[in-house]
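What follows is a single structure, written as structure tokens, with notes after it.
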Amino acid sequence: MNGKGPIRRGVGVAGLGYVLGAAIENMAILESPLIGSPTADIRSAYADQALVVVTSVAGALALVFYVAFAVGMFGLVRGAERRVERWALIALVAGVAGPALAAIGLAATGPLVVDAGQGHSDDTTRSLFEVYLYTRFIAGALMATFLLGTGLAAMRSRALPAWLARVACAIAIPLALTPLAAFTGDHSLQVAAAVAFGLHSLWILLVGLWLTLGQDLPLAILVRRAAFLMLVLAAGLVGIALLAVPGSSGEFFSWGLEPTPLAAFAGGVYVGSASVYAAALLAPWREVRGLVIGAVVLSISVFAVTIAHLEVFDFHRLQAWAWVVLFASFALVTSALLVVAPHEEDHTPGITLEPWARAALAVIATLLAALTVALWVDPTGLASLSPYALPPLGGRFAGSWIAMLAVLAGWAALRNRRDEARLPALCLVTLPAGALVAALRTISELDAAGRTLGYLAVLALLAALGAALAAATRPAAARVEDPRGAAASSATPSAGLGPRRFEVGGAASAHHRDRPATPA
């Protein structure tokens, strides 16, 4: 295969950047007007200026990432043979021309972003919006050419797995037909074109993950890292948005998460979990097994809570469908990783936790489990203790996050190994810290000063305990005492003639201090 590791990862990151930007740009695609829609629908789609600015900027960045991805793929798939070089060059030209054409359409919507078309006539408003759609649909044919050229070049140069190359060629077929939606204005063809663009983004996502996470990894490890990376990107992005504008969750979240402090709480734990799973991305299986178990508990419980409260979701919005599909899929993937897929073996001996650390983890797990049950059974029943209202869906959703934290703490206590407790302890820092930031962000909207102070104190205490536990999971430094009591190096040369030998002093005391883990 061509290219070096850092270059490959850079191309993969560009592909992931495009997918992320395109997802933000099209978050309201199910409600978006089409060619031939009334002018009132077009103005309504641009009415929320703050949201439109975010989606438009995301769309522009997505096109930049697409060009970077196309240029990078040209470098990866081109080969020494003339025919391979020709297909790679065709892909490069199409991969740059397609985003350039789409950018023209995006620029045409500038006046709509500024004032939702209020300062323009109906005909001008409709024309500006339809230029955006026309260029987008026509650009689909160029993007199909990019997929076809990349797929054919990759099959000959073997720069991509054969199945990815074949899938690229297959997706190019419906994508090449998207201009028909522009020329005919047919509603069903426009919907079909949107599906083709979705498949196109899915292929770029798969290639981006493959290039970013490593090409020679066993499938189980690759899937695990891909799942973790997707969680980092999705949870991090949504969490930042919820922390920044918790009162506008109904515009971009899967449902209107209320009250505002609860939306901010969700944002805080999202960001906290994203940071932990980012830290776990390259960690070995033994260290991340607890996180996989926690992800199973979170995804299954959230999916169950969602099914119990389907009436809250507006399934005319893409976010609602994405919520259901993503949590169902994530539950299946994480469960498969835990139960079915093989994992890398690690037989190195571990070091046990300090007794106080193990006891603290067990107590935290027990208390959080009790709180989880209370939230799942009757979240409104905790109104007298909470500084903000806990509606049925929102309260049970919060309970799912607390359940994950309880499981992680319990797993670390059960396993009694420092390496396996490291990431759960980090969770006990980042999730309460994120919730604390969220509480401070919305402190003016919290009820009852006494309950608010108690809430802040509990979060600060939990984060402090997590920090102490994280410090306790670090392997103890090996210190060796010489006969005079002074600290010596762990390896000292022995006296005598002949080859120099090294003896490890204090082995017995070190073994006693950092004894191997025993079964819980």
Side-chain angles (χ1 to χ4, degrees), residues 1 3-20 23 65 69 72-73 76 159-164 167 201-239 270-300 325-346 348 404 407-408 411 419-427 430-431:
M1 294 184 182
K4 297 181 180 179
I7 297 177
R8 288 178 174 276
R9 285 190 291 273
V11 177
V13 168
L16 295 176
Y18 165 74
V19 173
L20 188 60
F65 278 120
F69 179 72
M73 289 303 297
L76 294 179
L160 294 176
W163 68 272
L164 273 176
V167 168
S201 295
L202 177 60
W203 181 83
I204 294 178
L205 172 65
L206 294 174
V207 173
L209 291 173
W210 182 77
L211 291 171
T212 304
L213 300 176
Q215 303 83 44
D216 301 320
L217 293 173
L219 180 61
I221 300 176
L222 181 60
V223 171
R224 185 184 77 223
R225 291 184 179 180
F228 280 16
L229 181 59
M230 294 304 298
L231 190 151
V232 170
L233 295 175
L237 178 68
V238 174
Y270 267 46
V271 172
S273 64
S275 62
V276 173
Y277 280 88
L281 197 58
L282 302 180
W285 168 246
R286 189 164 69 182
E287 293 184 19
V288 303
R289 180 166 47 177
L291 289 185
V292 174
I293 296 173
V296 170
V297 171
L298 175 68
S299 54
I300 291 178
V325 172
L326 288 177
F327 271 102
S329 302
F330 202 66
L332 292 173
V333 170
T334 51
S335 298
L337 287 173
L338 187 63
V339 177
V340 178
H343 308 289
E344 65 269 33
E345 296 295 331
D346 184 359
T348 57
M404 184 186 81
V407 167
L408 289 173
W411 173 261
D419 55 352
E420 295 191 54
R422 180 178 66 88
L423 292 171
L426 183 59
C427 263
T430 60
L431 267 68

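Just so you know, these numbers come straight off a predicted model, no measurement behind them.
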Under the ring-ring contact (aromatic ring centres under 6.0 Å, His included) test, which residues partner [X], sequence neighbours left out?
{"X": "F327", "answer": "W323"}
{"X": "Y18", "answer": "Y66, H200"}
{"X": "Y270", "answer": "W401"}

Just verifying a value: how many Å separate [X] [atom1] and [Y] [atom2], rounded to the nearest 0.5 Å?
{"X": "L229", "Y": "L205", "atom1": "CG", "atom2": "CG", "answer": "9.0 Å"}
{"X": "L281", "Y": "R224", "atom1": "CG", "atom2": "CZ", "answer": "9.0 Å"}
{"X": "M404", "Y": "L291", "atom1": "CE", "atom2": "CG", "answer": "7.5 Å"}
{"X": "R8", "Y": "W210", "atom1": "CZ", "atom2": "CH2", "answer": "5.0 Å"}
{"X": "I204", "Y": "L209", "atom1": "CD1", "atom2": "CG", "answer": "12.0 Å"}
{"X": "L426", "Y": "S273", "atom1": "CG", "atom2": "OG", "answer": "11.0 Å"}

For the residue pair [X] and [Y], what are the closest heavy atoms and their distance?
{"X": "W203", "Y": "L160", "result": "CZ2-CD1, 4.1 Å"}
{"X": "A227", "Y": "V333", "result": "CB-CG1, 4.4 Å"}
{"X": "A280", "Y": "L423", "result": "CB-CD1, 3.6 Å"}
{"X": "V271", "Y": "G239", "result": "CG2-C, 3.6 Å"}
{"X": "T212", "Y": "V13", "result": "OG1-N, 3.5 Å"}
{"X": "V232", "Y": "A274", "result": "CG2-O, 3.5 Å"}

Would a 4.5 Å heavy-atom cut-off, applied to side chains only, mark [X] and [Y] as touching?
{"X": "V19", "Y": "M230", "result": "no"}
{"X": "F330", "Y": "L298", "result": "no"}
{"X": "F228", "Y": "L282", "result": "no"}
{"X": "I300", "Y": "S335", "result": "yes"}

Run the side chain to side chain contact (heavy atoms under 4.5 Å, CB included) test against L237 and tell me which residues pass, sequence neighbours left out. L20, I24

Salt bridge (Lys or Arg N to Asp or Glu O under 4.0 Å) filter on R225, not counting sequence neighbours, yields none

Return the set of residues passing salt bridge (Lys or Arg N to Asp or Glu O under 4.0 Å) with E287 (not counting sequence neighbours), or none when no residue passes. R422

May I ask you to decide if G272's main-chain N or O and S275's side chain share a donor-acceptor pair within less than 3.5 Å? yes

